[in-house]
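Everything below concerns the one structure shown next.
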Amino acid sequence: MSSRNSDLAHIFEEIATIYEFLGVENRFRVMAYRKAAYVVEHLTKDVENYLPVKKMVKISGIGPSIAAKIQEYLETGSIKTYEKLRKKVPHDFIDLLKVKGLGPETLKTLHRELGIDTREEFVQALKDGRVESLKGFKSKKVQNIINGLRQKEALEQRILLWDAIKLSQRVISFFKKLPEVQKIAMGGSIRRREETIGDLDLLIQARDKDRPKILKHLQNWEQVKKVLVMGNKKASVMIRPMDRQLDLRLFKAKEWGAGLLYFTGNKEHNIHLRKVAIERGWKINEYGVFEVESGQRLAGRTEKEIYKILDMSWIPPEIRMDRGEIHLAEQGKLPELVKLEDIRGDMQMHSTWSDGRQSIDELAHYVKQHYNYNYIVLTDHSKSSRIARGLDEEQFRAQIKAISAVNEKLGEDFIKAGAEVDILADGSLDLKDDILEELDWVVAAIHSRFNQDNTQRLIKACEHAAVNVIAHPTGRILGQRPSYPVDMLKVIEAAAQTGTALEINAQPTRMDLNENWAFEAQKQGVKMVISSDSHAPDNFEFMELGVAVARRAWCERGHILNTASWQEIEEFKSLKRQQVPLKVAKDGEK
DNA sequence: GCCGTTTTCGGCCCGACTGTTTTCAGTCG
């Protein structure tokens, strides 16, 4: 995402926090800035594209005041209101507000009574007992604040979706041992398949009388490091693996759907649904849909029932973001999202010929045993990728023969010969055209010289007639490095014009394209390929993550090339052959 | 500050738990 969008989102979030701290007369202003921060963060294009102000106010959540501030920021690099506000609040306080147990009222009291301005002074006052001497600050409250400070750092670190999925499977199997557990599910960002995860939200359906036993079961789990909250409907604990907070909520059968809906979110989606309910004189909470006047229950047993009573079709969790999905659900026009079962082949993987752990023979047999695929594409690295022991032209020729031999034994054309060819610094490819012509599928990717502007480099690769797909197009590695410099809108445009596919690389640290770029690509009619990029047997499972990205990007089966038969993929290739010569000639005229 | 097939003013999502109260404020999700 554009860094300007992120900067603005950050500023609006901070403005909201400062107004909250100052106790602004109108608390809804705080909510408005929070909402604006969320909206700006999730725009697909750089904010500049939404100007002028008159056009920008059409975005839901952006009004005249905030649009003007965005314009001010783009023109001058700062926002006067924001600069003024920052001076009114000790700077450390904005950060301290993120500590669990420290809200605006508590911090204000500390500021007023003890004159505390910085984090250091605050920690000191905690140590020497001044905080505890204040009215309303008994030892437990103080202890909670100290714990909150300690946990803040661990909690700020989000974990990869893949790790969270594995962790949640452990949690679920731990509770499934109890016969009292009637239903169990993960809600929150895991169910929505966000790329990184903070907390784990666990929902369990059980009878009222069984609640104590289930809560006790959690409390006694050896993986629980600390109990934060323990009520009779909910509990929060810190669990040891990955140092995560786990929130457990208990529901009756007739509440299950409402609870699941509520704790799946996201927040904006829920608020929108509640507004729809209010218009009809109803209210939605985590226990159901109710008529306000009579208090009569209208729905709640399943999510479907709730959406239905609101005259909507059921909305898949991955797209519950208040991005227009509610409107489409009202019209019954939701996209039919691509499913894992739709995938008919894996189109990037590596063998022992380069940096993979399985031989060609092992790859074929492993996939045939565990997956219901019609084809796989072997895409070992090309010679520039020395660390990955990339192959040269002659080695690829030898590999094509080796593949044929394995296919012959299998009695079908299961393995396709491909390559993951390096895009060199000038945008040319690392393999000669004649070997590229012999391959069934050519994946092109950047693996070096990240720091230059890579837009033209990628566009040139798209314009090469032999290139079928650009792999991990932005190069980001979650938690390690951001995308290299590249104007993805231009690359998406080039992919659309040349009939080149873009990859959704499903490696847990890549997820590249991310959902925003995949959304944009999908809108521009660019075909995408979801690949596991396997280097080892257990990597094939990652396909699920790539499908999740595609679903969050509203992709249907038709947007994803490897839901098609190989014959249809051949048609895709020949379509590019018809398009590209024109494009190259046009460039030559410039 | 935003928003609008009950509109340009008067609303704005809703409940659980904790710690301190003695009926509730603050915080969280």
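Only heavy atoms go into these numbers, but all of them, side chains included; no hydrogens, no water, no symmetry mates. Quick note on labels: first sequence line is chain A, next is B, and so on, each numbered from 1.
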For B:dC28, does either OP1 or OP2 sit under 4.0 Å from a side-chain N or O belonging to A:S236?
no
A:H272 atom NE2 is separated from B:dC3 atom P, nearest whole Å, by 12 Å
Where along residues 66-73 of chain A does a heavy atom fall under 4.0 Å from DNA chain B?
A:I66, A:K69
Counting the atoms with a prime plus P, OP1 and OP2 as sugar-phosphate, which does A:G188 contact under 4.0 Å by heavy atoms, base, sugar-phosphate, or nothing?
nothing
Would you say A:S294 and A:E291 are linked by a side-chain donor-acceptor pair, where the criterion is simply a distance under 3.5 Å?
yes
Under a 4.0 Å threshold between the charged nitrogen and the carboxylate oxygen, would A:E303 count as salt-bridged to A:R320?
yes
Between A:L102 (CG) and B:dT27 (P), how many Å, whole number?
8 Å
Charged N to carboxylate O below 4.0 Å: is that the case for A:D163 and A:K166?
no
Can a side-chain donor-acceptor contact be found between A:K69 and A:Y33 if the only test is distance below 3.5 angstrom?
yes
5' to 3', nucleotides 10-17 of chain B under a 4.0 Å protein heavy-atom cut-off (B base, S sugar-phosphate only, - none) gives --BBBSSS
Which whole number of Å gives the distance between the C1' atom of B:dC24 and that of B:dT20?
9 Å
Taking the P atom of each, how far is B:dC3 from B:dC13, in whole Å?
13 Å
Comparing A:G63 and A:F263 on DNA chain B - which has the more 5′ nearest nucleotide:
A:G63
Measure from the side-chain heavy atoms of A:T106 and tell me the nearest of B:dG26, B:dG1, B:dG19.
B:dG26
Does a side-chain N-to-carboxylate-O contact under 4.0 Å join A:R34 and A:E268?
no
Write down the distance between CD (A:E105) and P (B:dT27), rounded to a whole number of angstrom.
6 Å
Taking atom P in both B:dG11 and B:dC17, what distance in whole Å separates the two?
31 Å
In whole Å, I'd like the distance from the NZ atom of A:K135 to the C1' atom of B:dC24.
12 Å
Within the 4.0 Å heavy-atom criterion, would you say A:I59 contacts the bases, only the backbone, or no part of the nucleic acid?
sugar-phosphate
Establish, from distance only, whether the side-chain atoms of A:H272 and A:D322 form a donor-acceptor pair under 3.5 Å.
yes
Between B:dT18 (P) and A:I145 (CD1): distance, integer Å:
16 Å
Could you tell me if A:R191 sits above the aromatic ring of A:F263, with its cationic atom closer than 6.0 Å to the ring centre and no more than 45 degrees from the axis?
no
Classify A:G61 by what it touches in the nucleic acid, base, sugar-phosphate, or nothing, heavy-atom distance under 4.0 Å.
sugar-phosphate
Using a 4.0 Å heavy-atom cut-off across all strands, classify A:V99 as base, sugar-phosphate, or nothing.
sugar-phosphate
Across all strands shown, which nucleotide pairs with B:dG15 by Watson-Crick or G-U wobble geometry, both distances under 3.5 Å?
B:dC28
For A:K140 and for A:P104, locate the closest nucleotide of DNA chain B by heavy-atom distance; then report the residue assigned to the nucleotide nearer the 5' terminus.
A:K140
Any salt bridge linking A:E113 with A:K108? Criterion: basic side-chain nitrogen under 4.0 Å from a carboxylate oxygen.
no
Can you check salt bridge (Lys or Arg N to Asp or Glu O under 4.0 Å) on A:R192 and A:E194, steps first, answer last?
CA-CA 6 Å; A:R192 296 198 313 275; A:E194 280 192 23; 2.4 Å; yes
Interatomic distance at P, B:dC2 relative to B:dT6, whole Å:
24 Å
Plane angle bin for A:W162 and A:F542 - parallel if under 30°, tilted between 30 and 60°, otherwise perpendicular:
perpendicular
Tell me: CG of A:D247 to C1' of B:dT27, nearest whole Å?
14 Å
I'd like the C1' distance from B:dG15 over to B:dG10, given in whole Å.
25 Å
Please give, in whole Å, the distance from B:dG19 C1' to A:Q143 CD?
14 Å
Suppose you measure atom P in B:dT21 against the same atom in B:dA16; what distance do you get, rounded to whole Å?
24 Å
A:F137 CZ - B:dT18 P separation (whole Å):
19 Å
With a 6.0 Å cut-off on the ring centroids, do A:W282 and A:F290 count as close?
no
